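Just so it is clear, the structure is predicted and the values come from calculations on it, not from any experiment.
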Amino acid sequence: MRLLTCLALVFIATTSLFAATDCDRNCLRTTLHQYLNAVLKHDPAAAPLLIGFRQTENATVVKLGNGMWKSMTGLGKVQRRYFDPVSGQAAYFGIVEESGAPAIVTVRVRVENRKITEPEWVIARKGDPGLNGPAGGNVFDVDNLLKSPPPERTLSKDARMSRETMLGITNSYFDGITTHDGSIIMAFPGCVRIGNGTTMTGRGGRGAA
């Protein structure tokens, strides 16, 4: 019985790992493209959705066909796409249009067995409550994002950091926020943080040193 239990656990772990890694970068790129196009067409049937598909927008579960499925009408001038075959996830960051009004969004899509199981949207719109900066005013600036978009380039292999290093750097950012101690954030000197299009730190940013 113990042997069977161990074998079952190994099988489950192996199956989960395969489900997360059976979609390479090209597969993730195609799947994300299909999903975004389906949202633009307001047609969930046009996306490869798994049974049990669950979508959230700003941490709220949205019924299939509602939310961005109804409101998004186009992609904006800033579009960035990211792919992680190790975890089976893809992401889009940039500007989208909602009936002529711009919104700044991040959407993370999880892919299992080449089907989408969960998109997680973080959406910022002009006038949203809770987007007030430390010096007052709304921290939503599409024009600034257009002027200072995220870099879009491919690094040579010898210039790339390891996955573990990048995870450590990312975690240090959240540790710095939760402890209110920016000195523990492993940021490159001169690094600028932009939130919802607004420059928050660095030269010219809110609260810049």
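To the nearest 0.5 Å, the span separating CD on E97 from NZ on K77 amounts to 9.5 Å. Taken from OG1 in T178 to OH in Y173, the straight-line distance is 11.0 Å, to the nearest 0.5 Å. Atom CZ of F174 is separated from atom CD1 of I184 by 12.5 Å, given to the nearest 0.5 angstrom. The OG1 atom of T73 sits 16.0 Å away from the NZ atom of K41 when rounded to the nearest 0.5 Å. The distance from the OG atom of S71 to the NE2 atom of H42 is 8.0 Å, given to the nearest 0.5 Å. Atom OG1 in T106 sits 8.5 Å away from atom CG in N196 (nearest 0.5 Å).
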Show the numbers, then the answer: is there a side-chain contact (heavy atoms from CB on, under 4.5 Å) between S148 and I194?
CA-CA 9 Å; S148 306; I194 295 178; 4.0 Å; yes
May I have the step-by-step check of side-chain contact (heavy atoms from CB on, under 4.5 Å) for D143 and L146, ending in yes or no?
CA-CA 5 Å; D143 291 336; L146 289 169; 4.3 Å; yes
Does the side-chain hydrogen bond (donor to acceptor under 3.5 Å, both in side chains) test come out yes or no for D181 and S183, once each step is laid out?
CA-CA 5 Å; D181 183 2; S183 66; 2.5 Å; yes
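For the side-chain contact (heavy atoms from CB on, under 4.5 Å) with M68, the lone residue among V62, L40, V96 that qualifies is V96.
Under the 4.5 Å side-chain heavy-atom criterion for ILVMFWY residues, no single connected hydrophobic cluster contains both I169 and Y82. In this structure, L75 is a member of the same hydrophobic cluster as F83, with clusters built from ILVMFWY side-chain heavy atoms closer than 4.5 Å. In this structure, V122 is not a member of the same hydrophobic cluster as Y92, with clusters built from ILVMFWY side-chain heavy atoms closer than 4.5 Å. Put simply, V107 and L64 are part of the same group of oily side chains (I, L, V, M, F, W, Y) that touch within less than 4.5 Å, one to the next.
Checked by atom type and distance alone, the side chain of R110 pairs as donor or acceptor with a backbone atom of S87 at under 3.5 Å. With D84 contributing its side chain and Q89 its backbone, the two residues share no donor-acceptor pair below 3.5 Å.
When the shell of 6.0 Å around CZ of R108 is examined, it contains more than 12 heavy atoms from other residues, nucleotides or ligands. Heavy atoms from other residues, nucleotides or ligands lying under 6.0 Å from NE2 of H33 number 12 at most. In M186, the CE atom is crowded: over 12 heavy atoms of neighbouring residues, nucleotides or ligands sit closer than 6.0 Å.
Residues E98 and V105 have side chains not in contact (no heavy-atom distance under 4.5 Å, counting atoms from C-beta outward). For the pair R160 and T165, the minimum side-chain heavy-atom distance is 4.5 Å or more. Counting heavy atoms from C-beta on, the side chains of T30 and C23 never come closer than 4.5 Å. No side-chain heavy atom of R114 sits under 4.5 Å from any side-chain heavy atom of P48. No side-chain heavy atom of S162 sits less than 4.5 Å from a side-chain heavy atom of L167.
The heavy-atom pair separating L28 from G88 by the smallest distance is CD2-C, 4.0 Å. The shortest non-hydrogen separation linking D22 to N113 is OD2-CA, 3.6 Å. Nearest heavy-atom pair across R81 and L32 is CG-CD2, 3.9 Å. When all heavy atoms of P102 and F140 are compared, the pair lying nearest together is O-CZ, 3.6 Å. Between A47 and Q34, the shortest heavy-atom contact is CB-O, 4.4 Å.
Using bins of under 30°, 30° to 60° and over 60° for the plane-to-plane angle, the ring pair Y35/F53 lands in the tilted bin.
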